[in-house]
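Here the structure comes first, spelled out in structure tokens, and everything after it is commentary.
Position 1 is the first residue of the sequence; numbering continues from there. In each ligand, atom 1 is the first atom listed, and ligand 1 is the first ligand listed.
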Amino acid sequence: MESENRKVILSGIQPSGILTIGHLAGALKNWVDLQTQFQSYYMIADLHSITARQVPAELRQRTMETAALFLAAGIDPDKSVLFIQSHVPQHSQLAWVLNTFTGFGELGRMTQFKDKSERHPENINAGLFTYPVLMASDILLYQADLVPVGEDQKQHLELTRNLAQRFNFNYSDTFKIPEPYIPKIGSRIMSLQNPNVKMSKSDENVNSCIFLNDTNEVIINKIKRSVTDSDAEVRFDEENKSGISNLMTLYHLATGVSFEDIEKLFVGKGYGDFKLAVGNVVADWILPVREKFNEIMKDKNRLKEVLEYGAIQAQKVAYKTLDKVYKKVGFVRF
Ligand code: AQP
């Protein structure tokens, strides 16, 4: 794994459920391309996932499955550093220091905190509140130049930049100021049951998601039952035809056919035919990922080795940054 002079990119996914086709389209697919261009750090964000209550045995299982899906989707451990966040203790250690540089009011303005606390009033914990500080630590530890962010993470990246600048200003240059990396348009996959909200792995309605371990039959059935609209025209219009537009996005991602050509292909055909066609191409798209995933899960020792190797690589870089930070704030270092 070479690292010289390449820009650094960092991203992660929480193991809070089985990954969906949204993760493949919106994250993994891009990461595979990015790893050839950038020094890439990809983590399974288990520390973040416990801001919502997790069943311990399930969390362990999901963490290994998430790692296997990263590999199955094409993340290459010889090109990227692939690791479990809790295996690199520097994430929590830097988060503590950065917490002391973060204003209470600043965190209170985070819209994701407000949304999540409204959705889960039974568990508004301090971790949920300081989550953006841990995210800042994830990014700053590796001196990332770029962070792929969706709309919902932009505010957190802005906070990361502010914290880095504040720390650098108080002491001296320590952190690189990261920039957002905006992925290609059209990769936000919406729920099959409510196409106005994002497809989410923790959605209670399993029919809203295509999970990366769903069988062909399940995939085809879920798409058949997806919510669309009452006219019968296959046309890309995210505002007025969000369900059909979402299915068109999936068709496009699975086949490479443009929206214009998809519209032409289905002129005069009903939604039934269209949904069946989408189901088939999506099933074909997922099949090799699922097969690879099953193969990787059969050899847990190999998977463990890959993750241990990744953690060692990540720790080396993370330690360097944390050591600088500890020195600058005045901790005794022997
Ligand atoms: N539906 C989606 N469409 C496109 N991209 C998506 N991502 C997630 N869902 C979609 C991308 O995956 C990365 C982060 O995933 P995460 O699981 O850590 O967090 P999340 O975005 O909160 O995903 P979920 O499924 O909604 O998680 P839960 O249900 O646990 O809260 C990001 O790159 C994101 O863009």
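- The protein heavy atom nearest to atom 12 (O) of ligand 1 is His23 CD2, 3.3 Å.
- For atom 22 (O) of ligand 1, the nearest non-hydrogen atom of the protein is Lys198 NZ, 3.6 Å.
- A distance of 6.0 Å or more separates the ring centres of Phe38 and Tyr142.
- Considering only residues two or more places apart in sequence or on other chains, Val227 meets the side chain to side chain contact (heavy atoms under 4.5 Å, CB included) condition with Gln193, Pro195.
- Nearest heavy atoms, Gln155 versus Arg109: NE2-O, 3.0 Å.
- Below 4.0 Å from some heavy atom of Ile189 lie the following atoms of ligand 1, by number and element: 1 (N), 2 (C), 3 (N), 4 (C).
- Of the heavy atoms in Ser202, both backbone and side-chain atoms come closer than 4.0 Å to ligand 1.
- Taking atom 17 (O) of ligand 1 as the reference point, the nearest protein heavy-atom neighbour is Lys201 NZ, 2.4 Å.
- Of all protein heavy atoms, the one lying nearest to atom 19 (O) of ligand 1 is Gln14 NE2, 3.9 Å.
- At least one donor-acceptor pair under 3.5 Å links the side chain of Lys328 to the backbone N or O of Asp173.
- Among all non-hydrogen protein atoms, the one lying nearest atom 24 (P) of ligand 1 is Ser200 OG, 3.6 Å.
- The shortest N or O to N or O distance between Ile13 and ligand 1 is not below 3.5 Å.
- Protein heavy atom closest to atom 35 (O) of ligand 1, with residue, atom name and distance, is Gly26 O, 4.6 Å.
- To the nearest 0.5 angstrom, Ile21 atom CD1 is 6.5 Å from Ile223 atom CD1.
- Here the protein heavy atom with the shortest distance to atom 30 (O) of ligand 1 is Ser16 OG, 2.6 Å.
- Contact annotation for atom 8 (C) of ligand 1: protein present (non-hydrogen atoms, distance under 4.0 Å).
- Listed by atom number, the atoms of ligand 1 under 4.0 Å from Arg188 heavy atoms are 3 (N), 4 (C).
- Ion pairing between Arg166 and Glu106 holds under the 4.0 Å rule for side-chain N and carboxylate O.
- The two residues Val88 and Ala314 make their nearest non-hydrogen contact at CG2-CB, 3.8 Å.
- A salt bridge does not link Glu295 with Lys298: none of the charged nitrogens is closer than 4.0 Å to a carboxylate oxygen.
- The two atoms that bring Ala68 and Ile296 nearest to each other are O-CD1, 3.6 Å, heavy atoms only.
- Looking only at protein heavy atoms, the nearest one to atom 34 (C) of ligand 1 is Ala27 CB, 5.0 Å.
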